[in-house]
Protein chains: 2
Amino acid sequence: MTGRQQRADAQRNYERILEVARTVVEEQGTQASLRDIARRAEVGMGTLYRHFPTREALLEALLRQRFDRLAARAGELEGAGDSHEALRQWLREFLGGASTYRGLTASMMTTISDEGSPLHASCSAMREAAGRLVERAQDDGRIRPDVDGMDVFALVSAVGWIAEQGPVVAERSEHLFSLVLDGLAAGAVSGRARRSAD
Amino acid sequence: MTGRQQRADAQRNYERILEVARTVVEEQGTQASLRDIARRAEVGMGTLYRHFPTREALLEALLRQRFDRLAARAGELEGAGDSHEALRQWLREFLGGASTYRGLTASMMTTISDEGSPLHASCSAMREAAGRLVERAQDDGRIRPDVDGMDVFALVSAVGWIAEQGPVVAERSEHLFSLVLDGLAAGAVSGRARRSAD
DNA sequence: ACCTGAACACCGTTCAAGT
DNA sequence: ACCTGAACACCGTTCAAGT
(Lines give C-alpha, C1' and ligand atoms only; values in the text may rest on other atoms or scores of the structure.)
Protein backbone atom coordinates (compact mmCIF):
# COMPACT_ATOMS: atom_id res chain seq x y z
CA MET A 1 0.00 0.00 0.00
CA THR A 2 2.72 2.42 0.98
CA GLY A 3 5.01 0.89 -1.60
CA ARG A 4 8.39 2.53 -1.90
CA GLN A 5 7.91 3.23 -5.64
CA GLN A 6 6.73 6.75 -4.86
CA ARG A 7 8.12 9.76 -6.54
CA ALA A 8 10.80 11.42 -4.48
CA ASP A 9 8.76 14.56 -3.83
CA ALA A 10 5.75 12.47 -2.78
CA GLN A 11 7.83 10.53 -0.32
CA ARG A 12 9.24 13.73 1.09
CA ASN A 13 5.84 15.35 1.43
CA TYR A 14 4.42 12.29 3.15
CA GLU A 15 7.12 12.44 5.76
CA ARG A 16 6.96 16.18 6.18
CA ILE A 17 3.23 16.03 6.79
CA LEU A 18 3.54 13.23 9.29
CA GLU A 19 6.29 15.01 11.18
CA VAL A 20 4.39 18.28 11.33
CA ALA A 21 1.15 16.48 12.20
CA ARG A 22 2.81 14.95 15.23
CA THR A 23 3.68 18.38 16.55
CA VAL A 24 0.34 19.98 15.75
CA VAL A 25 -1.70 17.12 17.19
CA GLU A 26 0.43 17.32 20.31
CA GLU A 27 -0.47 20.98 20.56
CA GLN A 28 -4.12 20.91 19.53
CA GLY A 29 -5.25 17.33 20.04
CA THR A 30 -6.83 14.92 17.57
CA GLN A 31 -9.17 17.68 16.37
CA ALA A 32 -6.22 19.73 15.18
CA SER A 33 -6.72 21.94 12.13
CA LEU A 34 -5.78 20.05 8.97
CA ARG A 35 -5.26 23.35 7.22
CA ASP A 36 -2.75 24.30 9.87
CA ILE A 37 -0.90 21.04 9.34
CA ALA A 38 -0.76 21.58 5.57
CA ARG A 39 0.36 25.16 6.07
CA ARG A 40 3.14 24.31 8.48
CA ALA A 41 4.24 21.39 6.33
CA GLU A 42 4.33 23.83 3.39
CA VAL A 43 2.18 21.67 1.14
CA GLY A 44 -1.13 22.36 -0.57
CA MET A 45 -4.33 21.05 0.95
CA GLY A 46 -4.70 18.61 -1.91
CA THR A 47 -1.36 17.06 -1.09
CA LEU A 48 -2.40 16.39 2.46
CA TYR A 49 -5.66 14.85 1.24
CA ARG A 50 -3.85 12.75 -1.33
CA HIS A 51 -1.65 11.13 1.28
CA PHE A 52 -4.27 11.01 4.02
CA PRO A 53 -7.78 10.93 2.62
CA THR A 54 -9.36 11.30 6.05
CA ARG A 55 -8.35 12.62 9.43
CA GLU A 56 -8.53 9.07 10.72
CA ALA A 57 -6.04 7.95 8.12
CA LEU A 58 -3.61 10.57 9.36
CA LEU A 59 -4.15 9.54 12.95
CA GLU A 60 -3.62 5.95 12.00
CA ALA A 61 -0.24 6.77 10.51
CA LEU A 62 0.54 8.70 13.67
CA LEU A 63 -0.53 5.93 16.03
CA ARG A 64 0.10 2.58 14.38
CA GLN A 65 3.62 2.23 15.73
CA ARG A 66 2.47 3.10 19.19
CA PHE A 67 -0.39 0.60 19.09
CA ASP A 68 1.91 -2.10 17.82
CA ARG A 69 4.40 -1.35 20.55
CA LEU A 70 1.71 -1.55 23.21
CA ALA A 71 0.46 -4.82 21.78
CA ALA A 72 3.98 -6.20 21.93
CA ARG A 73 4.34 -4.89 25.45
CA ALA A 74 1.26 -6.85 26.45
CA GLY A 75 2.91 -9.94 25.01
CA GLU A 76 5.98 -9.35 27.17
CA LEU A 77 3.91 -8.84 30.28
CA GLU A 78 2.06 -12.09 29.72
CA GLY A 79 5.21 -13.80 30.90
CA ALA A 80 5.48 -11.67 34.03
CA GLY A 81 5.04 -13.17 37.46
CA ASP A 82 2.04 -11.47 38.90
CA SER A 83 -0.85 -11.44 36.45
CA HIS A 84 -2.74 -8.66 38.18
CA GLU A 85 0.32 -6.49 38.48
CA ALA A 86 1.11 -7.13 34.81
CA LEU A 87 -2.34 -5.91 33.79
CA ARG A 88 -2.04 -2.88 36.01
CA GLN A 89 1.33 -2.07 34.59
CA TRP A 90 0.14 -2.33 31.00
CA LEU A 91 -2.86 -0.14 31.65
CA ARG A 92 -0.65 2.42 33.29
CA GLU A 93 1.59 2.57 30.24
CA PHE A 94 -1.42 2.73 27.97
CA LEU A 95 -2.84 5.62 29.93
CA GLY A 96 0.47 7.43 29.94
CA GLY A 97 0.58 7.27 26.16
CA ALA A 98 -3.04 8.27 25.79
CA SER A 99 -2.34 11.54 27.54
CA THR A 100 0.08 12.72 24.84
CA TYR A 101 -2.75 13.68 22.47
CA ARG A 102 -5.90 15.31 23.74
CA GLY A 103 -8.90 13.52 22.32
CA LEU A 104 -7.01 10.30 21.76
CA THR A 105 -9.13 8.20 24.11
CA ALA A 106 -12.23 9.45 22.28
CA SER A 107 -10.73 8.51 18.92
CA MET A 108 -9.91 5.06 20.20
CA MET A 109 -13.37 4.54 21.65
CA THR A 110 -15.26 5.65 18.55
CA THR A 111 -13.00 3.50 16.40
CA ILE A 112 -14.25 0.41 18.22
CA SER A 113 -17.72 0.82 16.74
CA ASP A 114 -16.44 1.85 13.35
CA GLU A 115 -14.90 -1.07 11.51
CA GLY A 116 -14.40 1.08 8.44
CA SER A 117 -12.01 3.33 10.32
CA PRO A 118 -8.34 2.98 9.44
CA LEU A 119 -7.64 3.01 13.17
CA HIS A 120 -9.85 0.01 13.79
CA ALA A 121 -7.40 -2.77 12.94
CA SER A 122 -4.32 -1.70 14.85
CA CYS A 123 -6.36 -0.52 17.81
CA SER A 124 -8.26 -3.80 17.95
CA ALA A 125 -5.08 -5.78 17.82
CA MET A 126 -3.80 -3.81 20.77
CA ARG A 127 -7.03 -4.32 22.68
CA GLU A 128 -6.94 -8.03 22.04
CA ALA A 129 -3.41 -8.30 23.32
CA ALA A 130 -4.48 -6.43 26.43
CA GLY A 131 -7.53 -8.67 26.68
CA ARG A 132 -5.25 -11.64 27.14
CA LEU A 133 -3.73 -9.95 30.18
CA VAL A 134 -7.24 -9.54 31.55
CA GLU A 135 -8.07 -13.19 30.98
CA ARG A 136 -4.90 -14.37 32.61
CA ALA A 137 -5.65 -12.29 35.68
CA GLN A 138 -9.13 -13.76 35.72
CA ASP A 139 -7.77 -17.30 35.52
CA ASP A 140 -5.73 -16.42 38.57
CA GLY A 141 -8.86 -15.20 40.29
CA ARG A 142 -7.55 -11.66 40.49
CA ILE A 143 -10.09 -9.93 38.28
CA ARG A 144 -13.88 -10.26 38.41
CA PRO A 145 -15.05 -13.00 36.11
CA ASP A 146 -17.91 -10.90 34.72
CA VAL A 147 -15.79 -8.36 32.87
CA ASP A 148 -13.95 -8.62 29.60
CA GLY A 149 -11.15 -6.78 27.85
CA MET A 150 -13.55 -4.27 26.34
CA ASP A 151 -14.94 -3.32 29.75
CA VAL A 152 -11.50 -2.79 31.18
CA PHE A 153 -10.36 -0.86 28.13
CA ALA A 154 -13.43 1.36 28.19
CA LEU A 155 -13.16 2.17 31.88
CA VAL A 156 -9.48 2.95 31.78
CA SER A 157 -9.93 5.06 28.64
CA ALA A 158 -12.68 6.87 30.49
CA VAL A 159 -10.21 7.72 33.24
CA GLY A 160 -7.97 9.13 30.51
CA TRP A 161 -10.89 11.18 29.27
CA ILE A 162 -11.54 12.55 32.74
CA ALA A 163 -7.97 13.74 32.94
CA GLU A 164 -8.52 15.81 29.79
CA GLN A 165 -11.48 17.69 31.19
CA GLY A 166 -9.63 20.20 33.33
CA PRO A 167 -7.05 20.56 36.07
CA VAL A 168 -9.38 20.01 39.02
CA VAL A 169 -10.28 16.52 37.86
CA ALA A 170 -6.97 15.80 36.15
CA GLU A 171 -5.15 15.85 39.46
CA ARG A 172 -7.35 13.00 40.66
CA SER A 173 -6.70 10.71 37.72
CA GLU A 174 -4.11 8.64 39.53
CA HIS A 175 -6.57 7.99 42.32
CA LEU A 176 -9.39 7.29 39.88
CA PHE A 177 -7.21 4.82 38.05
CA SER A 178 -6.63 2.96 41.31
CA LEU A 179 -10.31 3.06 42.18
CA VAL A 180 -11.25 1.51 38.86
CA LEU A 181 -8.60 -1.17 39.07
CA ASP A 182 -9.51 -1.97 42.65
CA GLY A 183 -13.12 -2.13 41.62
CA LEU A 184 -12.37 -4.66 38.92
CA ALA A 185 -10.43 -6.86 41.30
CA ALA A 186 -12.04 -10.14 42.29
CA GLY A 187 -13.64 -9.94 45.70
CA ALA A 188 -15.48 -6.76 44.83
CA VAL A 189 -18.45 -8.70 43.51
CA SER A 190 -21.50 -7.73 45.49
CA GLY A 191 -23.67 -10.81 45.32
CA ARG A 192 -24.05 -13.07 42.37
CA ALA A 193 -20.67 -14.65 41.72
CA ARG A 194 -17.64 -15.86 43.72
CA ARG A 195 -19.12 -17.38 46.78
CA SER A 196 -17.89 -20.96 46.59
CA ALA A 197 -14.38 -20.95 48.05
CA ASP A 198 -14.49 -18.96 51.24
CA MET B 1 -30.80 39.59 35.93
CA THR B 2 -33.56 38.31 33.70
CA GLY B 3 -35.85 41.01 35.01
CA ARG B 4 -39.30 41.05 33.46
CA GLN B 5 -38.90 44.67 32.29
CA GLN B 6 -37.81 43.47 28.88
CA ARG B 7 -39.36 44.71 25.72
CA ALA B 8 -42.01 42.37 24.40
CA ASP B 9 -40.02 41.38 21.31
CA ALA B 10 -36.92 40.71 23.41
CA GLN B 11 -38.87 38.46 25.73
CA ARG B 12 -40.33 36.59 22.79
CA ASN B 13 -36.96 36.16 21.10
CA TYR B 14 -35.40 34.89 24.30
CA GLU B 15 -38.00 32.21 24.58
CA ARG B 16 -37.94 31.30 20.91
CA ILE B 17 -34.18 30.85 21.00
CA LEU B 18 -34.34 28.71 24.10
CA GLU B 19 -37.04 26.50 22.67
CA VAL B 20 -35.24 26.01 19.37
CA ALA B 21 -31.93 25.48 21.15
CA ARG B 22 -33.43 22.62 23.11
CA THR B 23 -34.34 20.85 19.89
CA VAL B 24 -31.08 21.56 18.09
CA VAL B 25 -28.90 20.55 21.03
CA GLU B 26 -30.92 17.36 21.28
CA GLU B 27 -30.13 16.69 17.65
CA GLN B 28 -26.52 17.84 17.48
CA GLY B 29 -25.27 17.80 21.05
CA THR B 30 -23.71 20.59 23.11
CA GLN B 31 -21.49 21.52 20.14
CA ALA B 32 -24.54 22.37 18.04
CA SER B 33 -24.21 25.14 15.47
CA LEU B 34 -25.21 28.47 17.00
CA ARG B 35 -25.88 29.77 13.53
CA ASP B 36 -28.32 26.96 12.98
CA ILE B 37 -30.10 27.83 16.21
CA ALA B 38 -30.40 31.50 15.23
CA ARG B 39 -31.60 30.54 11.75
CA ARG B 40 -34.26 28.14 12.99
CA ALA B 41 -35.38 30.60 15.65
CA GLU B 42 -35.62 33.23 12.88
CA VAL B 43 -33.48 35.77 14.68
CA GLY B 44 -30.28 37.50 13.67
CA MET B 45 -26.99 36.25 15.06
CA GLY B 46 -26.64 39.41 17.10
CA THR B 47 -29.90 38.68 18.85
CA LEU B 48 -28.72 35.28 19.93
CA TYR B 49 -25.46 36.78 21.21
CA ARG B 50 -27.31 39.53 23.03
CA HIS B 51 -29.36 37.06 25.03
CA PHE B 52 -26.66 34.44 25.40
CA PRO B 53 -23.19 35.96 25.19
CA THR B 54 -21.50 32.55 25.20
CA ARG B 55 -22.42 29.00 24.33
CA GLU B 56 -22.08 28.17 28.00
CA ALA B 57 -24.65 30.82 28.88
CA LEU B 58 -27.10 29.19 26.51
CA LEU B 59 -26.40 25.76 27.96
CA GLU B 60 -26.85 27.13 31.42
CA ALA B 61 -30.32 28.39 30.54
CA LEU B 62 -31.03 24.99 29.04
CA LEU B 63 -29.78 23.04 32.04
CA ARG B 64 -30.36 25.06 35.17
CA GLN B 65 -33.83 23.65 35.79
CA ARG B 66 -32.59 20.13 35.33
CA PHE B 67 -29.67 20.64 37.68
CA ASP B 68 -31.94 22.15 40.29
CA ARG B 69 -34.36 19.26 39.98
CA LEU B 70 -31.57 16.74 40.39
CA ALA B 71 -30.27 18.60 43.42
CA ALA B 72 -33.74 18.52 44.92
CA ARG B 73 -34.03 14.85 44.05
CA ALA B 74 -30.86 14.17 46.01
CA GLY B 75 -32.46 15.92 48.94
CA GLU B 76 -35.47 13.64 48.74
CA LEU B 77 -33.33 10.54 48.53
CA GLU B 78 -31.40 11.55 51.62
CA GLY B 79 -34.44 10.47 53.57
CA ALA B 80 -34.70 7.11 51.83
CA GLY B 81 -34.11 3.91 53.74
CA ASP B 82 -31.10 2.35 52.11
CA SER B 83 -28.31 4.86 51.70
CA HIS B 84 -26.44 2.86 49.10
CA GLU B 85 -29.55 2.22 47.05
CA ALA B 86 -30.43 5.92 47.28
CA LEU B 87 -27.07 6.88 45.85
CA ARG B 88 -27.36 4.29 43.12
CA GLN B 89 -30.82 5.53 42.24
CA TRP B 90 -29.73 9.14 42.04
CA LEU B 91 -26.76 8.32 39.84
CA ARG B 92 -28.99 6.31 37.57
CA GLU B 93 -31.34 9.27 37.14
CA PHE B 94 -28.41 11.59 36.61
CA LEU B 95 -27.00 9.33 33.93
CA GLY B 96 -30.36 9.01 32.22
CA GLY B 97 -30.60 12.77 31.94
CA ALA B 98 -27.02 13.13 30.79
CA SER B 99 -27.75 10.98 27.78
CA THR B 100 -30.29 13.45 26.36
CA TYR B 101 -27.58 15.76 25.05
CA ARG B 102 -24.45 14.40 23.48
CA GLY B 103 -21.43 16.13 24.98
CA LEU B 104 -23.23 17.00 28.17
CA THR B 105 -20.97 14.98 30.46
CA ALA B 106 -17.98 16.74 28.89
CA SER B 107 -19.57 20.15 29.48
CA MET B 108 -20.25 19.26 33.09
CA MET B 109 -16.73 18.00 33.67
CA THR B 110 -14.97 21.00 32.13
CA THR B 111 -17.23 23.33 34.07
CA ILE B 112 -15.84 21.91 37.32
CA SER B 113 -12.43 23.44 36.61
CA ASP B 114 -13.85 26.67 35.22
CA GLU B 115 -15.36 28.79 37.95
CA GLY B 116 -16.05 31.55 35.49
CA SER B 117 -18.43 29.36 33.54
CA PRO B 118 -22.12 30.15 33.92
CA LEU B 119 -22.70 26.43 34.34
CA HIS B 120 -20.39 26.25 37.32
CA ALA B 121 -22.77 27.36 40.05
CA SER B 122 -25.82 25.21 39.33
CA CYS B 123 -23.70 22.20 38.44
CA SER B 124 -21.69 22.53 41.65
CA ALA B 125 -24.84 22.79 43.71
CA MET B 126 -26.07 19.58 42.16
CA ARG B 127 -22.77 17.85 42.78
CA GLU B 128 -22.78 18.94 46.40
CA ALA B 129 -26.26 17.58 46.92
CA ALA B 130 -25.13 14.29 45.41
CA GLY B 131 -22.02 14.42 47.56
CA ARG B 132 -24.19 14.26 50.66
CA LEU B 133 -25.64 10.99 49.39
CA VAL B 134 -22.13 9.69 49.02
CA GLU B 135 -21.20 10.72 52.54
CA ARG B 136 -24.29 9.16 54.03
CA ALA B 137 -23.51 5.86 52.30
CA GLN B 138 -19.97 6.11 53.64
CA ASP B 139 -21.24 6.70 57.16
CA ASP B 140 -23.23 3.51 56.74
CA GLY B 141 -20.08 1.74 55.63
CA ARG B 142 -21.49 1.05 52.20
CA ILE B 143 -19.05 3.12 50.12
CA ARG B 144 -15.27 3.14 50.34
CA PRO B 145 -14.08 5.79 52.76
CA ASP B 146 -11.34 6.99 50.41
CA VAL B 147 -13.58 8.48 47.75
CA ASP B 148 -15.51 11.71 47.66
CA GLY B 149 -18.40 13.13 45.71
CA MET B 150 -16.16 14.40 42.96
CA ASP B 151 -14.67 10.95 42.39
CA VAL B 152 -18.09 9.37 42.13
CA PHE B 153 -19.37 12.13 39.89
CA ALA B 154 -16.36 11.88 37.60
CA LEU B 155 -16.53 8.11 37.25
CA VAL B 156 -20.24 8.02 36.58
CA SER B 157 -19.95 10.88 34.10
CA ALA B 158 -17.19 8.91 32.44
CA VAL B 159 -19.60 6.02 32.00
CA GLY B 160 -21.96 8.47 30.34
CA TRP B 161 -19.15 9.56 28.07
CA ILE B 162 -18.41 5.98 27.09
CA ALA B 163 -22.01 5.52 26.04
CA GLU B 164 -21.63 8.42 23.62
CA GLN B 165 -18.68 6.89 21.81
CA GLY B 166 -20.52 4.40 19.66
CA PRO B 167 -23.04 1.55 19.71
CA VAL B 168 -20.60 -1.23 20.52
CA VAL B 169 -19.63 0.38 23.79
CA ALA B 170 -22.99 2.07 24.42
CA GLU B 171 -24.70 -1.27 24.85
CA ARG B 172 -22.36 -2.05 27.73
CA SER B 173 -23.04 1.11 29.68
CA GLU B 174 -25.53 -0.51 32.03
CA HIS B 175 -22.96 -3.11 32.92
CA LEU B 176 -20.20 -0.55 33.24
CA PHE B 177 -22.36 1.51 35.55
CA SER B 178 -22.78 -1.52 37.80
CA LEU B 179 -19.09 -2.29 37.69
CA VAL B 180 -18.20 1.22 38.79
CA LEU B 181 -20.77 1.27 41.57
CA ASP B 182 -19.73 -2.17 42.77
CA GLY B 183 -16.15 -1.03 42.68
CA LEU B 184 -16.90 1.93 44.89
CA ALA B 185 -18.72 -0.22 47.43
CA ALA B 186 -17.00 -0.79 50.74
CA GLY B 187 -15.34 -4.18 50.88
CA ALA B 188 -13.70 -3.65 47.54
CA VAL B 189 -10.67 -2.13 49.19
CA SER B 190 -7.65 -4.21 48.31
CA GLY B 191 -5.39 -3.77 51.29
CA ARG B 192 -5.07 -0.60 53.27
CA ALA B 193 -8.44 0.10 54.87
CA ARG B 194 -11.45 -1.81 56.28
CA ARG B 195 -9.95 -4.77 57.98
CA SER B 196 -11.04 -4.33 61.54
CA ALA B 197 -14.56 -5.78 61.78
CA ASP B 198 -14.48 -9.18 60.14
C1' DA C 1 1.88 10.78 -10.80
C1' DC C 2 1.73 14.30 -8.11
C1' DC C 3 1.18 19.12 -6.52
C1' DT C 4 -1.16 23.65 -6.05
C1' DG C 5 -4.37 26.81 -4.51
C1' DA C 6 -8.71 28.78 -5.56
C1' DA C 7 -13.58 27.76 -4.86
C1' DC C 8 -17.44 26.34 -2.09
C1' DA C 9 -20.13 25.80 1.82
C1' DC C 10 -19.90 26.04 6.21
C1' DC C 11 -18.44 28.00 11.14
C1' DG C 12 -18.14 31.64 15.47
C1' DT C 13 -17.87 36.41 16.61
C1' DT C 14 -18.29 41.32 16.07
C1' DC C 15 -20.34 45.56 14.96
C1' DA C 16 -22.25 49.45 12.07
C1' DA C 17 -26.66 50.59 10.76
C1' DG C 18 -31.21 50.61 11.52
C1' DT C 19 -36.05 50.96 14.37
C1' DA D 1 -33.32 49.04 23.98
C1' DC D 2 -33.18 45.91 20.82
C1' DC D 3 -32.68 43.73 16.22
C1' DT D 4 -30.45 42.76 11.70
C1' DG D 5 -27.27 40.93 8.67
C1' DA D 6 -23.00 41.87 6.44
C1' DA D 7 -18.09 41.46 7.39
C1' DC D 8 -14.12 39.01 9.03
C1' DA D 9 -11.29 35.27 9.93
C1' DC D 10 -11.37 30.90 10.25
C1' DC D 11 -12.74 25.72 8.97
C1' DG D 12 -13.00 20.96 5.88
C1' DT D 13 -13.38 19.24 1.30
C1' DT D 14 -13.11 19.19 -3.66
C1' DC D 15 -11.23 19.79 -8.05
C1' DA D 16 -9.54 22.21 -12.34
C1' DA D 17 -5.21 23.46 -13.80
C1' DG D 18 -0.64 22.83 -13.91
C1' DT D 19 4.22 20.10 -14.04
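Reminder, nothing fancy here: chain letters follow the sequence lines and each chain counts from 1. Note: hydrogens, waters and symmetry copies are ignored here, and every other heavy atom, side chains too, is used.
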Name the nucleic acid region contacted by A/Arg39, choosing base, sugar-phosphate or nothing; use a 4.0 angstrom heavy-atom cut-off, strictly under.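 Answer is sugar-phosphate: A/Arg39 comes under 4.0 Å of backbone atoms only.
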
Using a 4.0 Å heavy-atom cut-off across all strands, classify A/Ala32 as base, sugar-phosphate, or nothing.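 It contacts sugar-phosphate atoms only.
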
For the pair made of [atom1] in [X] and [atom2] in [N], what is the distance, rounded to whole Å?
| X | N | atom1 | atom2 | answer |
| --- | --- | --- | --- | --- |
| B/Arg7 | D/dC2 | CZ | C1' | 4 Å |
| A/Asp9 | C/dT4 | CG | C1' | 12 Å |
| A/Leu58 | D/dT13 | CG | P | 12 Å |
| B/Leu48 | C/dC11 | CG | P | 13 Å |
| A/Gln28 | D/dC10 | CD | P | 13 Å |
| A/Phe52 | C/dC3 | CZ | C1' | 15 Å |
| B/Glu15 | D/dC3 | CD | P | 12 Å |
| A/Tyr49 | C/dA6 | OH | C1' | 15 Å |

Partner lookup for D/dA1, please. Criteria are Watson-Crick or G-U wobble with both distances under 3.5 angstrom; report none if nothing qualifies.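 When the pairing criteria are applied, C/dT19 turns out to be the nucleotide that pairs with D/dA1.
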
Using purine N1 to pyrimidine N3 plus N6-O4 or O6-N4 for Watson-Crick, or N1-O2 and O6-N3 for G-U wobble, each under 3.5 Å, what pairs with D/dT13?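 When the pairing criteria are applied, C/dA7 turns out to be the nucleotide that pairs with D/dT13.
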
Under-4.0 Å side-chain N/O to phosphate OP1/OP2 contact, [X] with [N]:
| X | N | result |
| --- | --- | --- |
| B/Arg50 | D/dC2 | yes |
| B/His51 | D/dC3 | yes |
| A/Ser33 | D/dG12 | yes |

Output the single nucleotide from [options] whose closest atom is nearest the side chain of [X].
| X | options | answer |
| --- | --- | --- |
| B/Arg55 | C/dC2, C/dG12, D/dC3 | C/dG12 |
| B/Ala10 | C/dC3, D/dC2, D/dT4 | D/dC2 |
| B/Arg35 | C/dT4, D/dG12, C/dT13 | C/dT13 |
| B/Asn13 | C/dG12, D/dT14, D/dC3 | D/dC3 |
| B/Leu34 | D/dG12, D/dC11, C/dT13 | C/dT13 |
| A/Met45 | C/dT14, D/dT14, D/dC2 | D/dT14 |

Approximate separation, where rounding is to 0.5 Å, of B/Arg22 CZ and B/Leu63 CG: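 So the CZ of B/Arg22 and the CG of B/Leu63 are separated by 8.0 Å.
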
Nearest heavy atoms of B/Asp68 and B/Ser122, plus distance in Å: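 Heavy-atom minimum between the residues: OD1-CB, 4.4 Å.
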
Show the nearest heavy-atom pair for residues B/Ser83 and B/Asp140, with the distance to one decimal.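 Minimum heavy-atom separation between B/Ser83 and B/Asp140: OG-OD2, 2.7 Å.
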
Give a yes-or-no answer on whether the side chains of B/Thr23 and B/Arg40 include a donor-acceptor pair shorter than 3.5 Å.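 No.
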
So, A/Arg50 versus A/Thr47: side-chain donor-acceptor pair below 3.5 Å or not?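 No - no donor-acceptor pair under 3.5 Å links their side chains.
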
Option among A/Arg73, A/Arg66, A/Arg69 that satisfies the salt bridge (charged side-chain N to carboxylate O under 4.0 Å, His left out) test with A/Glu93: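 When salt bridge (charged side-chain N to carboxylate O under 4.0 Å, His left out) is applied between A/Glu93 and each of A/Arg73, A/Arg66, A/Arg69, only A/Arg73 qualifies.
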
Take A/Pro53 and A/Asp36, find for each the nucleotide of DNA chain D with the closest heavy atom, and name the residue whose nucleotide sits nearer the 5' end.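 The residue closer to the strand's 5' end, by nearest nucleotide, is A/Asp36.
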
